[in-house]
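One is the number of the first residue; the rest follow in order along the sequence. As the structure lists them, so they are numbered: ligands from 1, and atoms in each ligand from 1.
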Amino acid sequence: MTPWSPKLGAWPGKADMELVTTIPEVRQRLDAVRREGGTVGLVPTMGYLHEGHASLMASAVADNDFTMVTIFVNPLQFAAGEDLESYPRDLDRDLEICVAEGVDLVLAPSVDEMYPTSIETTVTVDRIARLLEGGSRPEHFAGVATVVAKLFSIAGSCRSYFGAKDWQQVAVVRKMAHDLSMPVEVVSCPIVREHDGLAMSSRNVYLTPDERIQAPALRRALDAGLTAIASGERDPTSVEAAMAAVIADASRATLDYVAAVQADTLTADALLHGEVRLLLAVHFGRTRLIDNDGTVIL
Ligand code: AMP
């Protein structure tokens, strides 16, 4: 193990957070925790951490004896022409946030450690991964499912924490873990937002000042959909139109998709009922943002 000491030394008692870069080291450490009867919390991330990630860590630390955060920008989930090369990275800052949240171990593997040879085995989730995000980014969820399957296999029996910000991702990972009998409980955590309603995202740093001002249009679009439903609208197409109208008013925004669907299937019945989820994806220049919210129709 490589003990990681915070440069500023400002976190008494937590200077022993471990930073590891290889898979065998993690296995050894987590096996030892479980042998002693401890529970393991896992928080998979791509780094450039913010308060959304920190909230997942806080839940993991509260629920478990030992928390591992993974920081890995997974090439498999980026299509050609997407932002793999420019994805923001700052490991030192990330480690400070992990220490502050009481994380026990960070796994920050290289691409070679995760994919030492060209990969011939991938995990694809069927129906639920083909909808919405899957329509716009056809390779994305196979990349996500494959890396998360690897992380679950590396971590072993644990609880793993994901943000509701990526609502469909939670559904895909849950389905995969269930279908493949993985010894992992998938825990979904609420979306953390900026003061103006924009969902926190590592990609928000790409926004120009003008785009940043307009970006809370996603939150306002969700509110418009929720208001329509609260007023009695049950036609999913009409709810979607109310949401799309808000995005159309933002001059720098281009709508990718908008959906008013049943929360469990992510598809629309003729009329909305029960637990409903509103989701959308919007381009602001080179930045693609997603958001969602939900309600229950009684
Ligand atoms: P990422 O590093 O973007 O792959 O995200 C890692 C985890 O953090 C995923 O489970 C995300 O859903 C979650 N996450 C990202 N942004 C937020 C947010 N604003 N609120 C809650 N969770 C988030």
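- Set against the non-hydrogen atoms of Pro190, the atoms of ligand 1 under 4.0 Å away are 20 (N), 21 (C).
- Scanning the protein heavy atoms around atom 22 (N) of ligand 1, the nearest turns out to be Gly163 CA, 3.4 Å.
- The closest non-hydrogen atom to atom 9 (C) of ligand 1, taken over Gln169, Arg193, Arg203, Lys165, comes from Gln169.
- Within ligand 1, counting atoms from 1 as listed, the ones closer than 4.0 Å to a heavy atom of Phe162 are 10 (O).
- Taking only non-hydrogen atoms, the option from His53, Met200, Glu51, Glu194 nearest to atom 2 (O) of ligand 1 is His53.
- Between Ala164 and ligand 1 there is no heavy-atom distance shorter than 4.0 Å.
- In His178, the NE2 atom is not crowded: 12 or fewer heavy atoms of neighbouring residues, nucleotides or ligands sit closer than 6.0 Å.
- Using a 4.0 Å cut-off between charged side-chain N and carboxylate O, Asp196 and Arg219 make no salt bridge.
- For the pair Arg93 and Tyr48, the distance from NZ or CZ to the six-membered ring centre is under 6.0 Å and the angle to the ring normal is within 45 degrees.
- Aromatic ring orientation, Phe152 versus Phe162: perpendicular (interplanar angle above 60°, classes split at 30° and 60°).
- The salt bridge (Lys or Arg N to Asp or Glu O under 4.0 Å) contacts involving residues 255-272 comprise Asp256-Arg288, where partners must be two or more places apart or lie in separate chains.
- Ion pairing of Lys175 with Asp179 is present here, as a side-chain N (NZ or NE/NH1/NH2) and a carboxylate O approach within less than 4.0 Å.
- Taking the charged nitrogens against the carboxylate oxygens, Arg252 and Asp210 do have a contact shorter than 4.0 Å, which makes a salt bridge.
- Tyr87 and Asn74 form no side-chain donor-acceptor contact under 3.5 Å, judged by distance and modelled atom types alone.
- Atom numbering of ligand 1 starts at 1 in the shown order; those under 4.0 Å from a heavy atom of Asp166 are 11 (C), 12 (O).
- Residue His50 has at least one heavy-atom neighbour below 4.0 Å for each of these atoms of ligand 1: 15 (C), 16 (N), 17 (C).
- Within a 6.0 Å radius of CD in Glu113, other residues, nucleotides and ligands contribute more than 12 heavy atoms.
- Taking distance alone, with nitrogen or oxygen atoms compared against 3.5 Å, Val192 approaches ligand 1 more closely than that limit.
- Counting only heavy atoms of the protein, atom 4 (O) of ligand 1 lies nearest to Met46 CG, 3.6 Å.
- Close approach of ligand 1 to Pro44 (heavy-atom distance below 4.0 Å) involves ligand atoms 6 (C), 7 (C).
- Heavy-atom contacts of Ile191 reach the following atoms of ligand 1: 20 (N), 21 (C) (cutoff under 4.0 Å).
- Closest heavy-atom approach to atom 3 (O) of ligand 1 among the candidates Tyr87, Trp167, Phe72: Tyr87.
- Numbered from 1 in the order shown, with element, the atoms of ligand 1 that lie under 4.0 Å from a heavy atom of Leu56 read 7 (C), 8 (O), 10 (O), 13 (C).
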